[in-house]
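Atoms within a ligand are numbered from 1 in the order they appear, just like the ligands themselves. Computed from a prediction, not measured in an experiment: that's the story for all the values here.
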Amino acid sequence: MWTKGWDFTEDLFNFVGCKNMKKMAPGSMKQCLFLFMLCVSLLYFLGRFKRGFKNYTYHLSNTNFTILLWHWPFGQSLSLNGDVCWDLYKVPNCKLVDQRSFFPKADVVVFHNRELIQGSQKLPIELPRPPGQRWAWMSLESPAHNGNLQKFADVFNMTISYRRDADVTIPYGELLPKEAEDHVAQESPVNKRSLVCWVVTNYQDYHKRSQVYKKLNAIVPVNVYGRWANAPLSSTELLPRISPCYFYLAFENSVAQDYITEKLWQNGYQSGAVPVVLGPPISDYKAVAPNHSFIHVDQFTSVREMGEFLQQLAKNQTQYNEYFTWKQKWKVKIYNDWRERLCKICKHKNSLPQYKVYSDLEAWDKVNYSLV
Ligand SMILES: *[C@@H]1O[C@H](CO)[C@@H](O)[C@H](O)[C@H]1NC(C)=O
Ligand SMILES: *[C@@H]1O[C@H](CO)[C@@H](O)[C@H](O)[C@H]1NC(C)=O
Ligand SMILES: *[C@@H]1O[C@H](CO)[C@@H](O)[C@H](O)[C@H]1NC(C)=O
Ligand SMILES: *[C@@H]1O[C@H](CO)[C@@H](O)[C@H](O)[C@H]1NC(C)=O
Ligand SMILES: *[C@@H]1O[C@H](CO)[C@@H](O)[C@H](O)[C@H]1NC(C)=O
């Protein structure tokens with residue numbers, strides 16, 4: 001250390017042009033020492049400044065962003081003890097609370113739509129909104145189940161939904177690149193016993209999916225489970241029931257922009273059956289799902305054509321297996337904890353617009369949507 005320190009002083013001497021001090025005239029020696037002292041002081045202040053700057057930035061980033069959840073979705077509360085966002089999801093500086101006394105300090109106040117439209121919860125419109133505070137409208141339902149939102153004109157500053165154009169997007173699932181430690185032997189689809197399976201709880205004749213099902217069932221046999229078929233499945237029975245099927249009908253209950261639910265992410269991708277999807281246009285699926293991982297109803301000019309394609313695909317092992325190659329590169333992450341979705345708001349805190357008001361939330365919600 002000492003030698004190092006000495007080397008440094010010598011280098012500094014050389015730097016200010018005092019290489020051969022002993023042979024110098026007294027005048028240039030003074031100048032030399034002055035320069036030396038100047039350099040030392042400069043370095044000292046630079047060090048001070050750097051430390052101070054670090055402290056400053058540390059301080060800035062250490063400020064919590066406070067998210068107040070006004071009421072729990074579906075009345076099901078979860079623990080918010082400790083630093084939840086950091087402890088569970090490694091999101092820093094994010095304070096998630098559900099005590100309404102935090103209202104004056106909250107950066108974002110989140111309102112889950114279901115309870116508002118049912119009337120079991122109310123917006124605190126009588127409370128003065130602290131400047132800069134944002135009110136967020138949150139829903140994972142399709143427009144068909146969000147109710148009439150006209151009464152919420154000019155109330156909310158942000159939206160939290162599965163839609164890609166929401167201020168904070170909380171999808172049902174998403175793709176993550178596989179990491180080295182994830183690489184396991186390629187899971188090849190085995191023990192397929194039936195061609196097409198469907199699970200349906202809420203069957204309505206007017207649903208587009210019901211029409212497609214009826215036509216398809218007339219061409220190829222469809223095994224139907226779920227409450228409608230008097231064959232309800234518990235959550236643990238679901239995937240084992242789907243996995244012996246070549247294809248699983250991941251048919252959404254309504255057709256709306258980006259409305260792609262656990263029917264694809266979980267029932268489809270995690271069962272080992274190839275999902276046949278009905279929902280938003282192919283481009284919405286392509287934006288979030290891997291290439292060649294699903295079959296879209298719109299790819300065919302008729303249900304008959306689709307039925308024949310599925311039959312032929314099940315017979316060709318090579319071609320069928322191509323629908324699983326994406327699993328070599330990608331893994332699926334399912335979201336099912338509201339706390340994780342809420343902590344996600346903090347990741348977007350710097351990209352939220354300074355000022356925004358949803359003057360017509362109803363129009364925003366009902367865009368690109370059809371009931372059938
Ligand atoms: C950083 O700032 C905090 C709070 O203002 C202070 O207590 C601390 O002493 C500072 N640290 C340094 C290294 O300056
Ligand atoms: C931020 O919030 C967490 C969780 O409530 C808390 O543990 C932490 O002390 C807070 N930090 C600051 C700087 O207020
Ligand atoms: C899907 O294919 C397109 C072109 O064929 C390519 O640009 C894109 O990167 C692919 N996406 C993924 C997730 O592999
Ligand atoms: C099976 O599919 C592969 C790949 O798509 C194709 O090359 C092959 O000709 C098909 N075999 C039969 C018997 O149709
Ligand atoms: C949020 O919306 C309210 C009501 O329209 C508005 O008064 C307020 O300025 C907005 N705040 C932000 C941060 O956009």
Side-chain angles (χ1 to χ4, degrees), residues 54-70 77-111 116 122-138 149-160 166-168 188-189 192 246-247 274 291-293 295 299 308-326 339-340 342-364:
K54 240 190 204 156
N55 200 19
Y56 174 69
T57 50
Y58 172 75
H59 224 76
L60 260 190
S61 64
N62 200 27
T63 311
N64 273 332
F65 195 72
T66 302
I67 294 163
L68 168 58
L69 178 62
W70 196 250
S77 65
L78 296 164
S79 162
L80 295 181
N81 291 337
D83 189 347
V84 175
C85 293
W86 176 255
D87 296 345
L88 299 180
Y89 310 114
K90 292 289 168 276
V91 176
N93 307 314
C94 191
K95 194 175 171 76
L96 179 57
V97 294
D98 59 2
Q99 296 113 300
R100 293 183 178 179
S101 56
F102 275 97
F103 181 83
K105 286 190 234 156
D107 296 291
V108 173
V109 185
V110 181
F111 301 92
L116 293 181
K122 285 204 327 265
L123 288 168
I125 35 174
E126 70 288 355
L127 291 181
R129 255 194 244 194
Q133 184 178 83
R134 293 179 177 94
W135 284 18
W137 176 88
M138 180 168 75
L149 305 177
Q150 266 159 2
K151 57 180 173 290
F152 300 140
D154 289 316
V155 170
F156 292 101
N157 307 106
M158 54 188 282
T159 49
I160 306 173
D167 296 291
V168 176
S188 48
K192 295 294 180 189
Y246 280 94
F247 304 102
V274 173
N291 289 329
H292 218 70
S293 67
I295 293 161
Q299 282 168 245
E308 285 163 1
F309 175 77
L310 298 182
Q311 263 177 328
Q312 171 264 320
L313 189 53
K315 285 192 198 128
N316 186 333
Q317 193 71 30
T318 318
Q319 201 185 352
Y320 181 73
N321 285 349
E322 283 167 9
Y323 284 85
F324 294 86
T325 53
W326 66 274
R339 293 173 297 188
E340 182 164 24
L342 291 160
C343 293
K344 205 175 170 195
I345 300 169
C346 284
K347 294 188 182 172
H348 293 264
K349 65 183 173 195
N350 296 323
S351 55
L352 293 171
Q354 215 57 39
Y355 175 85
K356 188 170 186 176
V357 177
Y358 280 82
S359 57
D360 191 350
L361 188 67
E362 172 70 1
W364 183 84

Is there a side-chain contact between His292 and Tyr323 in this structure, where contact means two heavy atoms from C-beta onward sitting under 4.5 Å apart? yes
Judging by distance only, is a nitrogen or oxygen of Asn157 under 3.5 angstrom from one on ligand 5? yes
Any side-chain heavy-atom pair from Tyr320 and Tyr246 closer than 4.5 angstrom? yes
Sorted by chain and number, the residues that approach ligand 4 to under 4.0 Å with a heavy atom: Asn316, Gln319, Glu322
Tell me whether Lys356 at atom NZ has more than 12 heavy atoms from other residues, nucleotides or ligands lying less than 6.0 Å away. yes
Mark up the atoms of ligand 5 that fall under 4.0 Å of a heavy atom belonging to Val357, in ascending order. 2 (O), 5 (O)
Mind checking whether Asp154 has an N or O less than 3.5 Å away from an N or O of ligand 5? yes
Mind checking whether Arg129 contacts ligand 5 via backbone (N, CA, C, O), side chain (CB onward), both or neither, at a 4.0 Å heavy-atom cut-off? side chain
Heteroatom proximity flag, Asp83 to ligand 2, N/O under 3.5 Å: no
Just wondering, do Phe247 and Leu313 contact through their side chains at under 4.5 Å, heavy atoms? yes
For Cys346 and Ile67 the tightest heavy-atom approach is SG-CD1, 3.5 Å
Taking Cys85 and Cys94, which are both Cys, do their SG atoms fall under 2.5 Å of each other? no
Which heavy atom in Ile345 sits nearest to a heavy atom in Val168, and how many Å separate them? CA-CG2, 4.3 Å
Take atom NZ of Lys151 as the centre, draw a 6.0 Å sphere, and report whether it contains more than 12 heavy atoms from other residues, nucleotides or ligands. yes
